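First the structure, which I've put down as structure tokens, then a few questions once you've had a look.
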There are 4 protein chains.
Amino acid sequence: MSFDFLPDKPIYQQLIDRITGDLIRGALKPGEKLPSVREYAVEAGVNANTMQRVYKELEGMGITETKRGQGTFVTENAERLGQLREEKKAQLIDDFIRNIEALGFTEQEIAESMTRRRQG
Amino acid sequence: MSFDFLPDKPIYQQLIDRITGDLIRGALKPGEKLPSVREYAVEAGVNANTMQRVYKELEGMGITETKRGQGTFVTENAERLGQLREEKKAQLIDDFIRNIEALGFTEQEIAESMTRRRQG
Amino acid sequence: MSFDFLPDKPIYQQLIDRITGDLIRGALKPGEKLPSVREYAVEAGVNANTMQRVYKELEGMGITETKRGQGTFVTENAERLGQLREEKKAQLIDDFIRNIEALGFTEQEIAESMTRRRQG
Amino acid sequence: MSFDFLPDKPIYQQLIDRITGDLIRGALKPGEKLPSVREYAVEAGVNANTMQRVYKELEGMGITETKRGQGTFVTENAERLGQLREEKKAQLIDDFIRNIEALGFTEQEIAESMTRRRQG
DNA sequence: GTGGTCTAGACCACC
DNA sequence: GTGGTCTAGACCACT
């Protein structure tokens, strides 16, 4: 597994996005153990400090829990995970619609482009 | 006219986005004169250098032209402007779809949320 | 007659270059009368002040002479005109060679590109 | 290392030209790390912001890449670098020929002057 | 320590 | 008055 990072967003943010994405997609399951900070850092090709920060933020968001001496685990709090999923979905749609309006596209115009894209 | 800037993107970028948005929405028309750097800077509540940078970038993108001593004007190159519109639209849709896939939502799930949102 | 001006050099400089070019090419001859400042300004689509400056500089370079009440004339000083021609030629070649060296191209490489260009 | 700047071109442009020149001449190699913005600024005797602008412009031209917190590096994209070399060469020759024609010199006349110069 | 953003203010060339 | 360049210095995010 190797990662490409975009230059415009912080690496730690991109990693958080990736992990929450894994969670939403079901690639990571409730209660599952995450790799150790160092292990994951090597895997992702980033500095261990960066990875440390990622884990810290994830815990702050309430989606992982740390068991001392054992490692970091995805929370089993299903409600929190469902909530995460809904937050992300809402944010996705909000951003999209806000952008459409900011640029003055019509719904119809966008809808057409999307259908064309799906077919092309 | 007064502006709010988000803390997560550079101000000059947000200004570029705003102006290109005005262009796409038709609030700015081909050949139209933009406010002077200093005037716009005051209006937007930013430093003149920041605005200078915005204008320079816009010129680099080929969507404005500057006439020395006279001011900055929207290009009359309709092709470039049409191209800009399409670029923005495509980018909008691409980002949306890429994000949906990255998070593993289904098209149907998203579609439902959007309809519910439009009704709600 | 209508002119395009490059945005990176002062208009008055471009006009000076154009007129000295006319002189070197023989499109303007010794003793010949130039159009009036206002006439030429209209023709070139520039401000009369700009044209005034052009004429002033040309006179300063010793290549035109002003006869009060009659207008501006190309000098009949053949030596000065010949000198002008040589200056321009030398400068042209100097710039070219200095640039080649600054970029580290070989003479041969440039020679080949020029021949290819002339044939293509 | 110390620099002289001509008064007629922006310093940041001259710095860009110098660096692209180093690249073309091979004094800078693909993947090589450039000095930090601040370091280079001191070296060149310019303000750090001026140097910042130079680096930003180089990145925009696709000839450098920046790794956050690590520094700025020459791209390893050999195609881009080759392209840069050809662009510069073509531009050099184009300018030269355009100027010759604008002034009405004959090819032969120029060729003679150049040979004489090379010998003199 | 690295790049990046922003401000404040001076100064210049052009029209 | 217009755009453009440059400096000086502060502050921030990332590694």
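Values below: every heavy atom of this structure, side chains too, minus hydrogens, waters and symmetry copies. Please read all numbers here as calculations on a predicted model, not as lab measurements. Letters A, B, ... are given to chains in the order of the sequence lines, protein chains preceding strands, and every chain is numbered from 1.
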- Closer to the 5' end of DNA chain E via nearest nucleotide, is it D:Lys67 or B:Ala48? D:Lys67
Contacts table for residues 92-101 of chain D: side-chain donor-acceptor under 3.5 angstrom, sequence neighbours left out:
unit_1  : atom_1 : unit_2   : atom_2 : d
D:Asp94 : OD1    : C:Arg117 : NH1    : 2.2
D:Asp95 : OD1    : D:Arg98  : NH2    : 3.4
D:Asn99 : ND2    : D:Asp95  : O      : 3.2

- Query: When we call it a touch if two heavy atoms are under 4.0 Å apart, what does D:Glu65 touch: a base, just sugar-phosphate, or nothing?
  - Reply: nothing
- Item | Distance in angstrom units between D:Tyr55 OH and E:dG1 P, rounded | 17 Å
- Item | Dot-bracket line, read 5' to 3' along DNA chain E, where crossing pairs take [ ] and | marks a partner on another strand, Watson-Crick or G-U under 3.5 Å | ||||||||||||||.
- Task: By nearest nucleotide on DNA chain F, pick out whichever of B:Gly71 and D:Val46 is the more 5' one.
- Result: B:Gly71
- Is there a side-chain contact between B:Met51 and B:Leu15, using heavy atoms and a 4.5 Å cut-off? yes
- Query: Under the side-chain contact (heavy atoms from CB on, under 4.5 Å) test, which residues partner A:Ala27, sequence neighbours left out?
  - Reply: A:Asp22, A:Arg25
- Between F:dG4 (C1') and B:Leu58 (CG): distance, integer Å: 15 Å
- Message: Counting only side-chain nitrogens and oxygens, does B:Ser36 get under 4.0 Å of the OP1 or OP2 atom of F:dT2?
- Response: yes
- Message: According to side-chain hydrogen bond (donor to acceptor under 3.5 Å, both in side chains), who are the partners of D:Lys56, at least two apart in sequence or on a separate chain?
- Response: B:Tyr12
- Set of salt bridge (Lys or Arg N to Asp or Glu O under 4.0 Å) partners for D:Arg53, sequence neighbours left out: none
- Query: Please give, in whole Å, the distance from E:dC14 C1' to C:Met51 CE?
  - Reply: 16 Å
- Task: State which residues pass side-chain hydrogen bond (donor to acceptor under 3.5 Å, both in side chains) with C:Thr75; sequence neighbours excluded, sorted by chain then number.
- Result: C:Glu65
- Query: OP1, OP2 of E:dG3 versus side-chain N and O of D:Thr72: anything below 4.0 Å?
  - Reply: yes
- Note on the structure: Rounded to whole Å, OH of B:Tyr40 lies from P of F:dT2 at a distance of 16 Å
- For D:Glu86, enumerate each residue passing the side-chain contact (heavy atoms from CB on, under 4.5 Å) test, keeping only those at least two apart in sequence or located in another chain. D:Lys89
- Task: Quickly work out the C:Ile16 CD1 to E:dA13 C1' distance and round it to whole Å.
- Result: 14 Å
- Task: Kindly say if B:Lys56 contacts the phosphate of F:dT5, meaning a side-chain N or O under 4.0 Å from OP1 or OP2.
- Result: yes
- Item | Atom pair distance, as rounded to whole Å: CD in D:Glu57 and P in E:dG4 | 13 Å
- Message: Output the rounded distance in Å from CD (B:Gln52) to P (F:dT5).
- Response: 7 Å
- With sugar-phosphate taken as primed atoms, P, OP1 and OP2 and all else as base, the protein-contact string of nucleotides 10-15 of chain F at under 4.0 Å (heavy atoms; B, S, -) is -B--BS
- For D:Ile16, does its backbone N or O pair with a side-chain atom of D:Thr20 as donor and acceptor, under 3.5 Å? yes
- Hits for side-chain hydrogen bond (donor to acceptor under 3.5 Å, both in side chains) against B:Gln83, two or more places apart or cross-chain, chain-then-number order -> B:Arg80
- Message: Between C1' on E:dA13 and CD on C:Gln14, what's the gap in Å once rounded to a whole number?
- Response: 14 Å
